[in-house]
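Taking it in order: structure first as structure tokens, then the write-up.
Order of listing sets the numbers, starting from 1, for every ligand and every atom in it.
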Amino acid sequence: MLLLPLLACPPTPEAKDPLEGLTLVKEDPSDNPLPGLSEVWTERFVAGDAHFESLFRESQGLGPAFIRGSCNSCHADDARGPGLVRKMVVLEGGEPAEDQSILPFGHTERPYVAGGATQPILPPTTEELLITQRQPPAVFGRGYLEAVDEAAILEEEAAQAAAGRVSGRVNRVCWDFEQPSDKFHSFQPGDCGLIGRFGLKARVASLDGFAADAYQGDMSITSDYRPLELPNPDGLTDDYYPGVDIDPEVVQLTADYMRLLAIPRRAENPGLELFMEVGCADCHSPSLPTRTDYPIEDLAGIEAPIFSDLLLHDMGSSDGLYDSAAAPSEWKTAPLIGLRFLKNYLHDGSANTVEDAIIAHALPGSEAQSAVEAFDALSASQREELLIFVNSL
Ligand code: HEC
Ligand code: HEC
């Protein structure tokens, strides 16, 4: 933060120190690369950061229908919001209807148009619809999530099944992109059975995949990974930028930026023991080991402190939508990374405090009910210790 002198004239004796009562932030808390990166990775971080923040225009391929024009408008300061995604599902007697054909352009609202389009994708007004919102997760420390060893995720799944307190499971997904992911993985177009890690329901297996998916699905920016404009009410197959809108290198730089983002520095607060005792750690695994051959050396062969098992859990909160193997009430354990930078919690932002988020873990059918009971059984001072701990992540 840059501090400028506030007054041109010298302070009078009664004048208060202009800095009194202000906390000085000496270091940008987010948007930092992993410490000690090589020059090559640092350059990719900086270039990727610029793509992440750039606001696309019509002349660059924005349109036909889109939600926002920049990654940053939904992941400002790499955190959550202000933009978000709204989903819609046709109901029949309160349940998702078999016939969803009145939503010919899919379940995602795309409220803005550009590039020659005139009709946004909005919920039809007359039908029985369930409209939900999806809050963007933060993107800090995403390299740690991608680097976690597959074997560790499978072991976690098996250990949970054996212990029986919670029952997380892997979302198996396909690589539904037209380019391979061959720098960090060996995924080929059409490969299936991959472990999903990214998205609220863990529907994408890698960060280059998620970046390409977000460029196309949120911003209407096509790439060789996803070369087609999505179906839209105007029936347009292109926008004012003919053909594919961005280079595959832009997708890769955007992904590398997220891979290289550090986990914001955490305060040393007690409370981890309570977090484990209560059963939060059954799903929010404090750390998981990473692959030894992950191409970013600083992330290879370490314990990644991500507070997630990357598994799907039934939380009793349904949005009526499936995502590969994920059922409507199953959600990936939210990685508790940079939680203190978030202004609301849970996939739909329905909790205003961490405590409200915990209470919402006890909906009917939720796997986390016994953890919430154990939380409720703590003394007031223990609960406070646990909340301070979680709020400082
Ligand atoms: C319109 C708002 C919006 C825009 C624009 C947007 N995102 Fe997101 N992002 C979301 C939402 C909502 C989710 C959760 C989506 C889901 O799971 O269905 C998400 C999820 C993600 C995730 C998954 C994180 C995790 O840990 O699971 C990544 C990575 C990501 N976005 C990166 C990007 C990138 C890169 C861009 C720009 C190319 C971008 N997003 C643009 C809203 C947005
Ligand atoms: C059965 C697995 C499970 C257990 C046990 C569990 N959680 Fe969660 N937690 C989840 C899942 C899944 C989500 C994502 C839910 C959603 O987005 O709606 C989540 C979300 C959260 C969030 C919101 C994070 C965000 O990014 O918005 C917080 C905070 C949280 N959990 C804290 C806790 C605490 C504290 C405990 C222990 C009292 C706990 N959880 C126990 C699975 C679990």
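Residue contacts with ligand 2 include Leu342, since one or more of its heavy atoms lies under 4.0 Å from the ligand. Ligand 1 is never approached by Gly69 to a heavy-atom distance shorter than 4.0 Å. Taking 4.0 Å as the cut-off, Phe52 counts as a neighbour of ligand 1 on heavy-atom distance. Ligand 1 does not have Ser73 within reach: every non-hydrogen atom of the residue lies 4.0 Å or more from it. Within the 4.0 Å heavy-atom shell around ligand 1 one does not find His347.
Using a 4.0 Å cut-off to heavy atoms of Trp331, the atoms of ligand 2 that qualify are 12 (C). The atoms of ligand 1 that sit less than 4.0 Å from any heavy atom of Arg203 are 16 (C), 18 (O). Residue Gly279 approaches ligand 2 through these ligand atoms, each under 4.0 Å from one of its heavy atoms: 5 (C). Taking every non-hydrogen atom of His361 and a distance limit under 4.0 Å, the qualifying atoms of ligand 2 come out as 6 (C), 7 (N), 8 (Fe), 9 (N), 10 (C), 19 (C), 20 (C), 21 (C), 30 (C), 31 (N), 33 (C), 39 (C), 40 (N), 41 (C), 43 (C). Per-residue contacts place Arg80 under 4.0 angstrom from the following atoms of ligand 2 (heavy atoms of the residue considered): 25 (C), 26 (O), 27 (O). Each of the atoms 27 (O) of ligand 2 lies under 4.0 Å from some heavy atom of Tyr345. Near Val278, meaning under 4.0 Å from one of its heavy atoms, ligand 2 places the atoms 38 (C). Of all atoms in ligand 2, listed by their number and element, those nearer than 4.0 Å to a heavy atom of Thr333 are 11 (C), 12 (C). Atoms of ligand 2 lying under 4.0 Å from any heavy atom of Val166, numbered from 1 in the order shown and given with element: 1 (C).
Across Glu330, Glu355, His284, heavy-atom proximity to atom 33 (C) of ligand 2 is greatest for His284. When the options Leu336, Val354, Asp319 are ranked by their closest heavy atom to atom 28 (C) of ligand 2, first place goes to Leu336. Looking at Gly81, Pro137, Gly199, it is Pro137 that brings a heavy atom closest to atom 14 (C) of ligand 1. Looking at Ala334, Ala368, Gly338 and measuring to atom 24 (C) of ligand 2, the nearest heavy atom belongs to Ala334. Compare Leu274, Leu346, Val390 by their heavy atoms: the one nearest to atom 15 (C) of ligand 2 is in Leu346.
The shortest distance between side-chain heavy atoms of Ser206 and Trp175 falls below 4.5 Å.
The distance from atom 8 (Fe) of ligand 2 to the nearest N/O/S atom of Cys280 is not under 2.8 Å.
No N or O atom of Arg68 sits closer than 3.5 Å to an N or O atom of ligand 1.
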